[in-house]
Amino acid sequence: MTWNVPNMLSVLRLAAAPMIAVMFLYFTRPYADWFALCLFLIASVTDWFDGYLARLWKQETRLGAMIDPIADKAMVVIALMVIVGYSSMSPWLVLPATLILFREVFVSGLREFLGDVAGTLKVTKLAKWKTATQMVAIAILFGQGVFEHYLGMSAWGMDQAMVDQVMTGAVEDTQGLLWKHAGMVWTGWIGLVLLWAAAALTAITGYDYFRKALPHLKD
């Protein structure tokens with residue numbers, strides 16, 4: 001095995017994937033959301049850098065080619081699991097997350113079954129856009145958790161009537177409830193729209209992989 005910088009970045013990204021869930025076990029919110037968001041952003045940046053450096057320095061290896069997609073899938077799957085688990089289980093969030101997780105398992109199973117001819121399922125540009133959209137959506141949804149919990153902390157001790165008065169402008173907003181609420185709403189909507197866009201790309205690329213693999217599945 002060749003331990004160059006691109007490969008080490010891929011391994012570190014793979015090791016960081018389960019740490020996203022660990023953040024929510026050992027830290028209270030919104031600190032867990034902050035740590036998970038920062039960890040996810042750093043890992044997402046290394047996803048671009050390891051491939052770029054491997055091509056630039058001509059250090060592309062079989063180890064890197066194996067670890068890179070595994071690390072990407074692990075990051076996405078674990079992050080979605082955490083987001084769905086700590087959400088209100090809204091179908092608008094659960095459905096695209098389910099489609100994305102199903103596709104990742106399905107394509108991985110196809111690659112394993114095809115074995116030596118799995119090279120027919122090369123990563124396409126559309127699949128790269130899918131991965132990028134997933135990562136941006138997940139980062140924004142982690143951001144929503146940050147806004148949501150800072151909003152709850154700022155409204156602590158207020159009854160619902162007081163909160164309603166602040167939100168309508170009848171009472172001065174000394175705690176910043178308005179901008180925190182706006183941040184929560186906007187990050188929620190933008191994150192969901194991007195997650196549905198990622199789910200659509202997931203379905204398209206999943207079908208494309210299945211179409212390419214179909215001739216090898218016939219007896």
Side-chain angles (χ1 to χ4, degrees), residues 13-45 47 71-108 129-160 163-164 166-167 175-206:
R13 189 166 78 257
L14 180 62
M19 295 303 296
I20 292 176
V22 171
M23 296 297 104
F24 288 84
L25 297 178
Y26 290 97
F27 297 98
T28 58
R29 303 182 73 182
Y31 306 109
D33 299 82
W34 268 119
F35 294 146
L37 173 60
C38 293
L39 190 61
F40 188 82
L41 288 175
I42 293 171
S44 299
V45 171
D47 181 34
D72 290 344
K73 288 177 173 56
M75 289 293 299
V76 169
V77 168
I78 293 174
L80 283 176
M81 178 191 71
V82 169
I83 290 172
V84 170
Y86 282 90
S87 72
S88 59
M89 299 300 288
S90 165
W92 294 102
L93 176 62
V94 173
L95 287 176
T98 301
L99 182 58
I100 290 170
L101 296 179
F102 175 80
R103 183 266 189 195
E104 298 300 350
V105 174
F106 179 74
V107 173
S108 296
W129 275 105
K130 178 266 303 179
T131 301
T133 307
Q134 285 177 355
M135 290 185 171
V136 173
I138 289 170
I140 293 175
L141 289 173
F142 273 132
Q144 183 199 23
V146 173
F147 280 112
E148 180 182 358
H149 281 78
Y150 274 122
L151 177 65
M153 291 167 65
S154 299
W156 181 261
M158 296 183 183
D159 57 23
Q160 188 58 48
V163 173
D164 291 341
V166 172
M167 299 305 292
Q175 300 297 321
L177 298 187
L178 288 172
W179 70 264
K180 291 168 186 173
H181 180 265
M184 181 187 71
V185 171
W186 278 104
T187 50
W189 276 108
I190 294 172
L192 275 179
V193 169
L194 288 175
L195 193 65
W196 274 97
L201 292 174
T202 292
I204 294 170
T205 55

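What you see is a predicted model; the values in this text were computed from it and never measured. Hydrogens, waters and symmetry mates are skipped; everything else that's a heavy atom, side chains included, is used.
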Practice problem: For the pair Trp186 and Gln144, evaluate side chain to side chain contact (heavy atoms under 4.5 Å, CB included) and give the outcome as yes or no after the intermediate values. | Solution: CA-CA 8 Å; Trp186 278 104; Gln144 183 199 23; over 6 Å; no
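Scanning all heavy atoms of the two residues, the minimum distance from Leu99 to Ala203 falls at CD2-CB, 4.3 Å. Contact record, Ala74 with Leu14: CB-CD1, 4.2 Å, taken as the closest heavy-atom pair. Residues Leu151 and Leu177 approach most closely at CD1-O, 3.6 Å, considering heavy atoms. Taking each heavy atom of Met135 and Ser44 in turn, the nearest pair found is SD-OG, 3.6 Å. Closest approach of Ala32 and Met23 over heavy atoms only: CB-O, 3.4 Å. For Gly183 against Thr187, the heavy-atom pair with the smallest separation is O-OG1, 2.6 Å.
The shortest side-chain heavy-atom distance between Phe147 and His181 does not fall under the 4.5 Å cut-off. Contact of the Asp72 side chain with the Gln134 side chain is not registered, since no non-hydrogen atoms from C-beta on lie closer than 4.5 Å. Under the 4.5 Å side-chain criterion, counting only non-hydrogen atoms from C-beta, Val76 is in contact with Leu80. Glu148 has its side chain out of reach of Pro30: every pair of non-hydrogen atoms, C-beta onward, lies at least 4.5 Å apart. With a 4.5 Å cut-off on side-chain heavy atoms, Ile100 and Leu195 count as touching.
Between the side chains of Trp179 and Tyr150, no donor-acceptor pair of N or O atoms lies under 3.5 Å.
In this structure, the separation between CE on Met75 and CD1 on Ile138 is 8.0 Å, given to the nearest 0.5 Å. Here CD1 of Ile83 is found 8.5 Å from CD1 of Ile20. Values are rounded to the nearest 0.5 Å. For the atom pair CE of Met81 and OH of Tyr86, the computed distance is 9.0 Å after rounding to the nearest 0.5 Å. Put simply, CZ on Phe106 and CG on Leu101 are 15.0 Å apart, with the number rounded to the nearest 0.5 Å. Taken from CE in Met19 to OH in Tyr26, the straight-line distance is 9.0 Å, to the nearest 0.5 Å. Between the OG atom in Ser87 and the CG atom in Leu141 there is a gap of 9.5 Å [rounded to 0.5 Å].
Counting heavy atoms of neighbouring residues, nucleotides and ligands inside a 6.0 Å radius, atom NE2 of His149 exceeds 12 of them. Atom CH2 of Trp34 has 12 or fewer heavy atoms from other residues, nucleotides or ligands within 6.0 Å.
Under the 3.5 Å distance criterion, the side-chain polar atoms of Trp129 are left unmatched by any main-chain donor or acceptor of Ala198.
Ring geometry, Phe142 versus Phe24: the interplanar angle falls under 30°, so the pair is classed parallel (tilted spans 30 to 60°).
Paired with Arg103 under the rule side chain to side chain contact (heavy atoms under 4.5 Å, CB included), one option of Leu201, Thr205, Thr98 passes, and it is Thr205.
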